[in-house]
Amino acid sequence: MPKFIVRTGAKPGVEIQAETNRTLFGRAEECDVLIADANVSRHHAQAVMLDGIMALVDLNSSNGTFVNGLPISRIFLMSGDVITLGETELVYVEGERAPREMGLDHSGIMPRVRSVEAGNASSQPADSEVKSHTQMFESIPEETQTDALKEVYQKLKALYRIFQQVADAPSLKEIFEVIGRAITVSTAAERAVFFLYAEKTSDGWQRYHSQTSVKLHHDAAQIAESTQLLDRARDEERVVLAQVDKRGEVDFSGGMANAIAVPLFRGKQLAAIIYVDNPQSRDAFSKNDVDFISTLGVQVSIRLNQFEQVQQLKQENVQLRQKMDEDFVVVTNNETMKRVMAVTERVAESDATVLITGESGTGKELIAKSIHHFSARRLRPLVAVNCAALPETLLESELFGHEKGAFTGAHERRIGKFEVANHGILFLDELGEISPSAQAKLLRALQEGEIQRVGGNKVIKVDVRVIAATNKKLADEVANGNFRQDLYYRLRVIEIELPPLRQRPDDIPVLAQYFLKQLRGKFPSNVQKISPEALAALQRYPFPGNVRELRNVIERGLVFAQGDTLLPQHLPAEVHASSDGLGGLNDNLVPTIAVLPGSANEESMAPQLDDDGEPLTLSDLERRHILYVLDRVGGNKLKAAGLLGISRTTLYEKLKTYDTPAPVAE
């Protein structure tokens, strides 16, 4: 038997059986459920049983009747609905068992239950209040309300099921099948056809899917749809009704329509049209049929938007993955590096800690990205921390986080990189720079999988794979007492050592060509190739800055080169020094300043002279070269400093020393 269970009140859990066809709620003495609450009207609401279906009707109450938080005029109740009358909440239950999650509490007012004979309580409001809430249904005459409400209830249930099926459908075809079936079953429609809008076709329409009623004969189903109706719905972007006769003549005058076209949109763009008609009977559609079909069209448009968003996300995902592939690509022609890459792929399959060693610029972070890409954690984050860039006081906070008030300036809790990288990989670059205190905490995190925020006492479990990199000889640091021995052995479960570029000169040409192609996409350049002489000069240079320096050399060459070929004179002076047999930096020689491209002496490499014919000093050569580079980059000091291989601060100091104003960037 249906019942109402008190959710808030002096004694929550009290059950009110709906023993009669009408149950009156209010604070008047004659009410079936007496609620002593000033916010409840004398005759507030009435529950009416109509052929086994419970309806709740508001009786023009002052403060309204609410079901599941929404104001109602009249509504059919479903098991579990929460009814609010003033400060009292009741849960409607069909059957013997109450919903598991009723959320009962011990506050509010306890309504008093009184039994009266059915029909003794007046169904009219005794208060003269003004109604100010939502009217869900039109008023229904007393003599017909049972059948009418049952019909509305059944339609709502049908719509709910259809919407749920549309939401669960994984493809456009399945959505159209659900909608087409609903239209031909629930309305007088004999056929529902779905057209995709395609501008490239002759008439703009692609017949995608058709659903017919069982009562439609095969011959009638072959009758062509009206392109006039389709075009009008497309042009006016609205639901269009028409009368279509046996000859295909279309009448848009507004008479009895036996054909409907409902446009579907993806965002603001027309995507498809639902074409519904009665090609056999020519029967007209009722207003309810039109409303029903239009409502389904709105729901399909929502799903089309969702499909569009999912497709965009997939495309963005593909683009991001392509960029990730470019970011960690390792270009090599060297057998040693090929063995390193083979080890990298095998290492990626495990969860072991990895220590990557090698000189600065050899590509340690690139190897870390490769391990992440090939590992089972590739869908989780790769979080990088440059330990050398952070002062000792902030490094622990960066790695492990801190609590609010842990130190001066800690105005709020901060999540550390270990927590951010949970279930992913944490890359610690320049690990040899961390303090003894941070080393101890890092060892605990590696051994126990636990961290504590700075200033906190809570132990936080983390699942993080650590990849560390350093250009220091950690074994020497351990011997000198600067690095914990236990942490060193814990980090180098697997060690990958990267050879410097000078030990693999066969990689220089392929890397140079790769950087040329990559950098041409960053800024306009006519350079298409590198001359054999320039490649030979690059291979003779020792590259103390390794791969990173080679990339910078190619970028500077692209700025200086004016033709389609990168020539030796477009390379920095130190590269010339090694190629001319003067030795490189390994010979402890001071590198000369590059000859200014475009000068009269560029090709001959003759010394630069002042106005008196005397050779320029190194200081004057440097000043001229800096000003030339600044002019080539439009006065952009940051870019000029990068091309010159110095910091922006150094550039400012040199300009100040020369007492020469730099070109201003536009």
Side-chain angles (χ1 to χ4, degrees), residues 324 327-328 353-372 381-402 406-422 424-443 445-446 451 453-455 462 464-474 476-477 480 482-484 487-488 491-492 496 498 500 544-552 555 637-653:
M324 286 174 59
D327 286 345
F328 75 77
T353 305
V354 180
L355 178 63
I356 307 172
T357 60
E359 295 179 5
S360 178
T362 51
K364 296 186 288 294
E365 185 170 0
L366 202 58
I367 297 299
K369 289 181 178 180
S370 296
I371 293 174
H372 174 259
L382 170 66
V383 180
V385 179
N386 188 340
C387 300
L390 295 168
E392 180 181 340
T393 53
L394 295 180
L395 181 60
E396 289 188 38
S397 171
E398 184 74 12
L399 292 177
F400 309 110
H402 64 252
F407 50 83
T408 303
H411 301 300
E412 59 184 14
R413 172 187 289 178
R414 180 192 175 107
I415 302 299
K417 298 302 185 185
F418 263 94
E419 289 183 75
V420 174
N422 196 25
I425 294 179
L426 180 62
F427 175 57
L428 302 177
D429 198 10
E430 303 299 344
L431 185 75
E433 306 296 331
I434 66 174
S435 66
S437 173
Q439 291 178 31
K441 288 191 175 184
L442 178 58
L443 180 63
L446 292 173
I451 63 168
R453 299 190 188 109
V454 177
V462 290
V464 176
R465 182 182 186 182
V466 171
I467 299 176
T470 180
N471 58 10
K472 289 187 174 183
K473 298 287 186 182
L474 285 189
D476 295 342
E477 295 297 308
N480 295 331
N482 298 325
F483 201 85
R484 293 178 62 113
L487 177 58
Y488 171 61
L491 286 169
R492 67 184 296 264
I496 298 176
L498 299 184
N546 293 291
V547 179
R548 184 184 296 121
E549 184 183 6
L550 174 58
R551 186 183 187 279
N552 290 340
E555 186 171 3
K637 298 183 182 63
L638 181 60
K639 190 168 185 178
L643 293 173
L644 291 165
I646 60 178
S647 69
R648 186 163 55 174
T649 302
T650 302
L651 177 61
Y652 278 114
E653 290 175 352

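This is a predicted model, so every value here is computed, not measured.
- Applying the side chain to side chain contact (heavy atoms under 4.5 Å, CB included) criterion to S437, with sequence neighbours excluded, gives E396, S435.
- E359 is linked by a side-chain hydrogen bond (donor to acceptor under 3.5 Å, both in side chains) to R502, N546, counting only residues two or more places apart in sequence or in another chain.
- The distance from the CG atom of L474 to the CZ atom of R492 is 9.5 Å, given to the nearest 0.5 Å.
- Across all non-hydrogen atoms, the minimal contact from L382 to K369 is CD2-CG, 3.8 Å.
- Within the 4.5 Å cutoff, the side chain of N386 has heavy atoms near those of the E430 side chain.
- Listed here is the closest heavy atom pair of T362 and V547: O-CG2, 4.4 Å.
- The shortest heavy-atom contact between K441 and V454 is NZ-CG2, 4.1 Å.
- The line from CZ of R548 to CG of L366 is 11.0 Å long, rounded to the nearest 0.5 Å.
- When all heavy atoms of P381 and A421 are compared, the closest pair comes out as CG-CA, 4.3 Å.
- Taken to the nearest 0.5 Å, the CG atom of L426 stands 12.5 Å off from the CZ atom of R465.
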Side-chain donor-acceptor pairs under 3.5 Å in residues 409-418, sequence neighbours left out?
residue : atom : partner : partner atom : Å
R413    : NE   : E403    : OE1          : 3.0
R413    : NH2  : E403    : OE1          : 3.3
R414    : NH2  : E398    : OE1          : 2.9

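- The heavy-atom pair separating A445 from I451 by the smallest distance is CB-CG2, 3.8 Å.
- Residues forming a side-chain hydrogen bond (donor to acceptor under 3.5 Å, both in side chains) with K472 (at least two apart in sequence, or on another chain): E433.
- Applying the side chain to side chain contact (heavy atoms under 4.5 Å, CB included) rule to L443 yields the partners Q447, R484, D486, L487, R490; only residues at least two apart in sequence or on another chain are considered.
- Listed here is the closest heavy atom pair of L395 and C387: CD1-CA, 4.2 Å.
- No option in L399, I467, V383, I434 other than L399 meets the side chain to side chain contact (heavy atoms under 4.5 Å, CB included) test with L428.
- Qualifying side chain to side chain contact (heavy atoms under 4.5 Å, CB included) partners for A469, counting only residues two or more places apart in sequence or in other chains: I356, K364, F427, D429.
- Side-chain contact check for L491 versus F483: some heavy-atom pair is nearer than 4.5 Å.
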